[in-house]
Each structure stands twice: as structure tokens, then as C-alpha cells.
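Below is one structure; the comments refer to it alone.
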Amino acid sequence: MLRAVVTGNVWSTRRIDGLPSGAFLEVEVAGGGSRLVAFDVLGSGVGESVLVVQGSVAAAWFPGTPPPVDALIIGSIDAPGDDGEAALPAGSRIPGRR
Amino acid sequence: MLRAVVTGNVWSTRRIDGLPSGAFLEVEVAGGGSRLVAFDVLGSGVGESVLVVQGSVAAAWFPGTPPPVDALIIGSIDAPGDDGEAALPAGSRIPGRR
Amino acid sequence: MLRAVVTGNVWSTRRIDGLPSGAFLEVEVAGGGSRLVAFDVLGSGVGESVLVVQGSVAAAWFPGTPPPVDALIIGSIDAPGDDGEAALPAGSRIPGRR
Amino acid sequence: MLRAVVTGNVWSTRRIDGLPSGAFLEVEVAGGGSRLVAFDVLGSGVGESVLVVQGSVAAAWFPGTPPPVDALIIGSIDAPGDDGEAALPAGSRIPGRR
Amino acid sequence: MLRAVVTGNVWSTRRIDGLPSGAFLEVEVAGGGSRLVAFDVLGSGVGESVLVVQGSVAAAWFPGTPPPVDALIIGSIDAPGDDGEAALPAGSRIPGRR
């Protein structure tokens with residue numbers, strides 16, 4: 001998955017059949033600055049940090065026939081990945097935790 | 001998906017079996033300037049901004065046996081992604097909207 | 001798909017089972033200069049401009065069990081994508097054309 | 001697969017249905033420095049070197065319906081890839097070894 | 001596929017279920033210098049030039065349930081792709097050759 005920030009909507013009136021209900025949002029990938037367009041069913045807004053899944057698993061999430069969608073926002077990110085509540089340091093894993 | 005602009009046609013007379021009806025269009029990806037060839041069934045023209053889906057979901061869109069196509073134009077883009085009608089700012093989401 | 005030019009053969013005597021009949025050709029991707037190895041069933045030659053499909057759809061083209069092949073030459077390119085016979089300019093689309 | 005080092009957690013409270021139990025960990029890919037978010041079921045910790053698989057095979061690992069996950073930590077790396085216990089030099093392969 | 005040279009082993013004792021028998025080898029991609037980890041069933045050695053297939057077709061090669069593997073060494077390369085026994089020049093194709 002990629003962390004990204006929503007930068008805007010992409011509107012397409014003339015389009016192929018089979019696209020699901022939802023929005024096409026342009027997002028900027030964290031770090032690199034590259035942009036892609038992801039499908040959104042969560043009502044994400046401009047400036048929001050999101051988690052984007054890519055490839056056929058994005059399409060497979062939809063019920064029924066997979067739509068021609070190769071990027072999907074799967075969640076809104078609560079906090080940066082490097083904050084204090086981050087993963088436990090290596091070596092401090094709790095035995096039995098899976 | 002990627003935003004791209006159509007830059008021309010790619011013609012191939014000698015080719016493998018199983019390719020569907022439509023056009024191979026060369027497109028330039030917005031931002032980076034990299035180019036790829038996408039299949040088009042919408043009659044897109046040179047200079048047109050389009051939305052391109054990549055990978056196996058492009059092939060899966062076609063009825064019957066998926067053709068050897070890994071990029072498909074799924075729509076013509078109405079307006080830039082950063083215009084005034086863009087997504088709602090974070091925090092202004094309508095409760096209950098999905 | 002990617003436009004590329006064939007630059008040579010790749011020979012592999014010691015290899016895994018399940019590879020189909022045909023040639024492994026090294027190609028240089030147009031524009032970037034990056035190289036990859038694509039499977040060829042068309043008898044493409046060095047210096048020839050070809051269209052390459054990547055990913056699982058390349059393997060799915062083969063009859064029977066999909067082979068471990070992730071890039072396939074699907075056609076020989078007749079002419080550059082930016083020539084005079086290119087796609088119609090945006091706005092000149094013929095009504096009813098699909 | 002990619003070698004990477006875990007750099008933190010990514011938390012997402014508002015998210016789509018169908019995500020499995022486990023953690024979203026941000027990892028930094030060895031060498032390039034690019035970052036991605038991988039799903040973890042091993043309890044990996046910050047600073048740990050891990051092996052990450054990408055694409056639909058990450059989702060296919062989960063039992064039942066494949067979740068919308070395109071990167072999965074498949075193991076914790078014991079040692080660097082260029083150490084003394086590395087693969088045998090070419091030419092020293094044991095006959096009959098498969 | 002990618003041409004690459006084996007640079008070492010990657011060892012992982014603590015790992016998820018479902019990984020097949022064989023070795024995880026780190027390889028350096030020809031040209032760019034980027035590195036990835038590929039699964040090997042051929043007994044490839046350090047310094048050996050190999051051909052690597054990526055994505056779901058790598059996993060699909062294995063019998064039974066596809067393992068969480070996204071890169072597989074499919075062959076050892078006999079000779080450089082630009083040597084004298086390379087593909088025929090364009091225009092010298094033998095009629096009737098497929």
C-alpha cells in the first residue's frame with residue numbers, strides 16, 4: 001500500500017461501462033511526490049491522508065464483477081507512521097503475539 | 001489509475017491473435033512525462049486528457065477471454081483534478097455519506 | 001503496453017519447466033532507455049519496434065496452463081505514434097464512433 | 001520480493017470492510033529509500049529487516065476472500081544478503097541439487 | 001522478465017506459512033543496479049546471470065496453492081543479450097517462421 005494525500009477530484013462524464021459508484025480522487029504519494037488517481041468509497045476529502053491499495057486486489061474488493069479500477073483508498077490514516085505509538089522496537093516483541 | 005494525455009496512435013499490422021477491436025493510443029502520463037500505450041474503445045483523440053487503468057483489470061474489462069492488453073482508457077477527463085469543484089476539504093465530510 | 005526496440009536474444013539452457021516455445025528477446029523501452037526481456041512468438045528481429053504487454057495478461061495469452069512469462073511482444077509497430085496518421089485531434093471525433 | 005526495514009505503524013480507524021487482523025507497517029525499501037506500507041501478521045517491530053511480497057499474491061495468502069492488501073511481510077530477515085553464508089559461487093553448484 | 005545477477009542469499013527463520021522449498025536470492029537488476037529478492041529452485045550461485053519473472057505468474061508456477069512469492073528465477077542466462085548469436089536483424093526474418 002502507499003500513503004498519500006488527496007489533492008482533488010477527477011471527473012469523467014464520457015467513460016466506459018462497468019465503473020462503480022464512488023469518486024475518482026487524485027492523490028499525491030508521500031515522499032516521492034508522484035501522483036495517481038484512486039477510487040474512493042469513504043468520502044475522503046482534499047488534504048486527507050489515506051492508504052491506497054493498487055492492482056487487481058483493488059478491483060477484487062468490489063462485489064460482483066471486478067470493475068476496471070486499479071487503485072482504491074482503503075482507509076483514512078489517523079497519524080504519521082513514525083510517531084510515538086509506532087510498532088514496538090525489534091527485540092521487544094511480546095512472546096506469543098502473532 | 002493515471003491521468004494522461006493522448007499523443008498519437010500506434011499501428012501494428014503484424015500482431016498476435018486475440019487483440020480486441022479498438023485503437024492502441026500512445027499517452028503521456030501527467031507530471032512525469034513517461035509514455036505508455038493504452039487501448040482505447042472511446043474514440044479518444046490527440047490532446048485529450050484521459051484516465052488510464054493498468055494491469056490485469058484492464059484485460060478483465062473485455063467480455064469473454066481476457067485479451068493481452070495491460071492498459072485501458074476508462075474515461076475522458078472533464079476537468080483538472082485541482083479545480084474548484086474538487087473534493088470537499090477534510091473535516092467537511094457530510095455525516096452518513098459513504 | 002510499452003513501445004520498445006529489440007536489442008538481442010537471451011539464451012537460457014538451464015531453466016525451469018513450463019516455458020513455452022518461442023524466444024526471449026531483450027528490448028529497450030522507448031524514451032527511458034530501460035531494458036527488459038520479453039517473450040516473442042512473432043519472430044521479431046534486432047532493431048524492430050515492438051509493442052510489449054506486461055504482467056499476468058502476458059501469461060494468460062498462452063493456451064493451457066499460464067507459463068512463467070511476464071512480458072510478451074504482442075505486435076510489430078508499423079510507424080511512430082506521433083506521425084501524420086495519428087489519432088484525430090480532440091474535438092474532431094466522429095459522432096457515433098465507438 | 002523486497003528487503004525493507006520497518007519504520008513505523010500506520011493507523012486507520014475509518015476504513016473499508018474486508019481488512020484482515022494484523023498491522024499496517026510502514027517500511028523503507030533497502031537501497032532506494034522509498035517507502036511503502038505492508039501488512040504484517042508476524043508482530044514485526046521498528047528497525048527489523050523484513051522481506052515484503054507485493055501484488056495479488058499478498059492478498060491470496062490470506063484464507064477465504066482475498067482482502068484489499070497488496071503488500072505483505074512474509075519473513076524477518078536473519079542476516080544481510082551479502083554475508084559469508086551467501087549462495088554458492090557460480091560453478092560450485094552441487095550436481096543433482098535442485 | 002528482468003536480467004539480473006545473483007548477489008547473495010536472504011535467510012528468514014521466522015516467516016509466514018506457505019513458503020515453498022528453495023532459496024531466497026538477492027539479485028541485482030542489469031543496467032539500473034536496483035535490487036530485489038527472487039525465489040530460486042535451480043540452485044543458482046552468486047555471480048550467476050539469471051532471468052527473473054515477477055508478479056502473480058511467479059507464484060502460479062508452483063504446483064498447488066500459489067505461495068506468497070512475487071519473483072522467481074526462471075533460468076540461468078547462457079550469454080549476453082547483445083552477442084553475435086542474437087536475433088536476426090529486422091528485415092531478415094525467414095518467411096513462414098512463426
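Every chain is numbered from 1 and lettered A, B, ... according to where its sequence line falls, protein lines coming before strand lines.
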For chain B, which of L19(A), T65(A), V69(A) has the most heavy-atom pairs under 4.5 Å? V69(A)
Which pair of non-hydrogen atoms, one from F39(A) and one from M1(B), has the smallest distance, and what is that distance? N-CE, 3.9 Å
Rounded to the nearest 0.5 Å, what separation is found between the CZ atom of R3(B) and the CD atom of E26(A)? 4.5 Å
The interface call for I74(B) against chain A, heavy-atom contacts under 4.5 Å, is both
Between W61(B) (side chain) and I16(A) (backbone), is there a donor-acceptor pair under 3.5 Å? no
Okay, side chain of D70(A), backbone of V53(B): is any donor-acceptor separation there less than 3.5 Å? no
Of the backbone (N, CA, C, O) and the side chain (C-beta and beyond), which part of A71(A) lies under 4.5 Å from a heavy atom of chain B, both, or neither? both
Would you give the length of the straight line joining atom CG of L51(B) to atom CZ of F24(A), rounded to the nearest 0.5 angstrom? 5.5 Å
Short side-chain to backbone donor-acceptor contact, R14(A) and L42(B), under 3.5 Å: yes
Are the side chain of S56(B) and the backbone N or O of S56(A) linked by a donor-acceptor pair below 3.5 Å? no
How long is the span from the CZ atom in R35(A) to the CG atom in L2(B), to the nearest 0.5 Å? 13.0 Å
Can you tell me which portion of P66(A) sits under 4.5 Å from chain B's heavy atoms? Options are side chain, backbone, both or neither. neither
